2 protein chains.
Amino acid sequence: MRVRLEDVARATGVSPKTVSRVLNEEPSVKESTRQRVLAAMEQMNYRPSPAARGLAGSRSFLVAMLYDNNDNPASTYLAEIQDGVLEACNANRYSMMVCPLRTRVQDFIRRVDALVADHHIDGVIVTPPLTDNTALLRRLKEHGVPHASISPLRHEGTIGVCMDEQQAAKALVGELVKLGHRRIAHILGIADHGASRWRLAGYKEALAEAGLPFNPDYVVQGQFTFGSGVLAARELFLRSTLPTAIFAANDDMAAGVMWAANERGLKVPRDLSVCGFDDTPLATQLWPPLTTVRQPSREMGKLATQQLMEVLRGRGEGLLLQVPYSLQMRESTGAPPPAAI
Amino acid sequence: MRVRLEDVARATGVSPKTVSRVLNEEPSVKESTRQRVLAAMEQMNYRPSPAARGLAGSRSFLVAMLYDNNDNPASTYLAEIQDGVLEACNANRYSMMVCPLRTRVQDFIRRVDALVADHHIDGVIVTPPLTDNTALLRRLKEHGVPHASISPLRHEGTIGVCMDEQQAAKALVGELVKLGHRRIAHILGIADHGASRWRLAGYKEALAEAGLPFNPDYVVQGQFTFGSGVLAARELFLRSTLPTAIFAANDDMAAGVMWAANERGLKVPRDLSVCGFDDTPLATQLWPPLTTVRQPSREMGKLATQQLMEVLRGRGEGLLLQVPYSLQMRESTGAPPPAAI
DNA sequence: CTGCAATTTGACAGCGCTGTCATTTCTGCC
DNA sequence: GGCAGAAATGACAGCGCTGTCAAATTGCAG
């Protein structure tokens, strides 16, 4: 029926344990033996049973991807990350489970316990904003489960992948300045998300560098959602002097700004320049196409997972990689209206 | 260390096998015994080991969600379905794996074999367009793995969930007719997808019912993607007499149509009415908001999974449920330009 | 009460693999 | 050529649960 490790052992003329050693890439197997075993595995189409491995051994070959189910970042962002994580998992013969967490629910840490205890998870991929949830991270540590983070707020002692979002935001706002804008507003993301902080910091930095004043009236709170972008824009439109450009902390909110601009009869970019952050598919589907910062989410999921794999395979400590950003200057930004200068 | 089934047995004063029976909801356990066991499980916080259950028993408590990775429908659509599937799985103490399949690759059926053989998958959720992939379905049958489908083309002998898309499309196009449109174009989805067929059929039916001629020049091929919507619209704009309304087979293509309309300086809905299908988040983020048909994807994922569970639990055959559609008449549709009548 | 079938419970092996520790085989070197 | 030590391999138990089948218990008609 099923080809078992024992069958491979018999076919090769070695003990099951030796086959197990080959399977797990353990040292101290003679090269010639390893080759014979590998050949037999290949020839017999041997596929180890994850259940048996999980039961007998200390590893489950399972990785969980955790994400926040309340303050859900755009689903496209998570979908892309998931895709990358999955690819890296499969390439390393690991399986992936997805695990939405409702951090607002007091009990959410129990879900993590259950996940780790039930499935014997080997490692975890943590996505924003969970990357900065101390209760979660502490619990993972207690369980002894290693994790890799995607865009974590704190960089020390963390592995995974990040992007210099502050620099990117600064560069983006710098471009607005170059276009001639002097009154640039910003829509914040959810308060304690790293993304919000960095993007705000980059915004401030760019203003300072351009010698422009930081005007608190031009900074309004958003929630990373489309709807919050609409509301924030409406609020900005109440200012006695309108901004000539709005930098929203992500694309969804930028889309909301453009929607609100349409609602108010403002033409983008003639009357108002708009830019976002992330370069989700939405960015190029809007009219006019949205100026934004490309964040290679899929790649980031993959890289973070690869770093986790390094740890799981005991090949090292794992690194916090930094991926490059790239500005996507598109048609939603342009020179400010002449009257405004 | 870990609470095992044996520990619960000892605490209750019964044999491990009896505890196992309670765990698996098997019949022929005295009610009083069941209660005592359940109480002990609860009190000791017993959590069965999936690995051990999978190894010893015939069930793995694992469900796989399959999706096509070439002709990828909008990721938001899949993300919503996944969310629903996951919810239903968790509610039934099942775990879910996601499994992208590249059907264009000759070898894709091997991936299915591997999935089923390795993980001993109990059941499968199949999403469009895999729902109609005969090679896949045959293979699942050979493996004896039951599946539930989401929006399958063929309804006979299938369980899962569907929507009367043809009726929905007919109703939607009917609304365009009511608004006064006489020249209504349609952008097709990928040829052999059920969604494409039904939506085209509904379009034709509505035309017939309104006594309008079916004009092949007004039906162009799309691929369900935003970009293909742009191309299709540009093609329609080459017609000597422009259509006054375009019904795209999904929202992404409809967004493409609106983009192309902007590009050509056509104002929606003044010069052109546009509508789509699915009611993805995109629909309300466009300007003007898109008229479309709401498809409750998340709910559909959940319902299909529940039907699968019925089968897995041996409680019946499972049904093919039908969920209701609902028209979302928004601002992308309006009366045709007076000159065009 | 007894006998027999139906109900409820338990003993035991084994699912396919890995951890531990013992054993064998191979080195290099005096 | 023989020996210590390293390298390679194997024997065996057992991970936590369920399937099979046998045993004990119960219910009920006669």
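Throughout, a chain's letter reflects where its sequence line sits, starting with A, and its residues are numbered from 1. As the structure is a computational prediction, the values presented were derived from the model and not from experiment. Heavy atoms only: backbone and side chains are in, while hydrogens, waters and symmetry mates are out.
In this structure, R4(A) atom CZ and dC15(C) atom P are separated by 7 Å, rounded to whole Å. The distance between atom CZ of R10(B) and atom P of dT9(C), rounded to the nearest whole Å, is 19 Å. One interatomic measurement links the two molecules: CZ of R34(B) to P of dT9(C), which rounds to 10 Å at whole-angstrom precision. One interatomic measurement links the two molecules: CZ of R36(B) to P of dT8(C), which rounds to 14 Å at whole-angstrom precision. dC17(C) atom P lies 16 Å from atom CZ of R21(A), rounded to whole Å. In this structure, NE2 of H120(A) is placed 17 Å from P of dC17(C), rounded to the nearest angstrom. Between M41(A) atom CE and dG16(C) atom P there is a gap of 15 Å when expressed in whole angstrom units. Between the P atom of dT25(C) and the CD atom of E31(A) lies a distance of 21 Å, rounded to the nearest Å.
Dashed line: the shortest gap from a side-chain N or O of T18(B) to OP1 or OP2 of dG10(C) is under 4.0 Å. Distances shown here put a side-chain N or O of T33(B) below 4.0 Å from the OP1 or OP2 atom of dT9(C). Under 4.0 angstrom from either OP1 or OP2 of dT18(D) there lies at least one side-chain N or O belonging to R53(B). Contact between the side-chain N/O atoms of S28(A) and the OP1/OP2 oxygens of dA7(D) is not found at any separation under 4.0 Å.
At a threshold of 4.0 angstrom between heavy atoms, the contacts of K17(A) include nucleobase atoms, whether or not backbone atoms are also involved. Within 4.0 Å of R59(B), counting heavy atoms only, lies no atom of the nucleic acid at all. Heavy atoms of P27(A) sit nowhere under 4.0 angstrom from any nucleic acid atom.
Nearest nucleotide to the side chain of S49(A), out of dG10(C), dT18(D), dG16(C): dG16(C). Of the candidates dC15(C), dT18(D), dG19(C), dC15(C) carries the atom nearest the L55(B) side chain, counting heavy atoms from C-beta on. If you check dG14(D), dG19(D), dG10(C) against the side chain of A56(A), the one that comes closest is dG14(D). You'll find that the side chain of S58(A) is closest to dG19(C), out of dG16(C), dG14(C), dG19(C). Residue A52(B) places its side chain closer to dG16(D) than to any other of dG16(D), dC17(C), dC21(C). Among the nucleotides dG10(D), dT18(C), dT18(D), the one closest to the side chain of L5(A) is dT18(C).
Mapping G57(B) and P16(B) onto DNA chain C by nearest heavy atom places P16(B) closer to the 5' end of the strand. Nucleotides of DNA chain C nearest to K30(B) and F61(A) differ in position, and the one nearer the 5' end is that of K30(B).
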key: Candidate pair R59(A) and D122(A), rule salt bridge (Lys or Arg N to Asp or Glu O under 4.0 Å), full reasoning   = CA-CA 6 Å; R59(A) 295 179 300 172; D122(A) 283 345; 5.8 Å; no
inquiry  = Before you tell me yes or no, could you show the steps for R154(B) and D132(B) under salt bridge (Lys or Arg N to Asp or Glu O under 4.0 Å), namely the whole-Å CA-CA distance, both residues' side-chain angles and the distance that decides it to 0.1 Å?
reply    = CA-CA 7 Å; R154(B) 301 172 53 81; D132(B) 313 309; over 6 Å; no
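Just one residue in the list V311(B), I159(B), L140(B) forms a side chain to side chain contact (heavy atoms under 4.5 Å, CB included) with H147(B), and that residue is L140(B). The side chain to side chain contact (heavy atoms under 4.5 Å, CB included) test with C89(B) is passed by exactly one of M309(B), K302(B), M97(B): M309(B).
When all heavy atoms of L153(B) and G194(B) are compared, the closest pair comes out as CD1-CA, 3.4 Å.
With values rounded to the nearest 0.5 angstrom, R110(B) atom CZ is found 13.5 Å from L101(B) atom CG.
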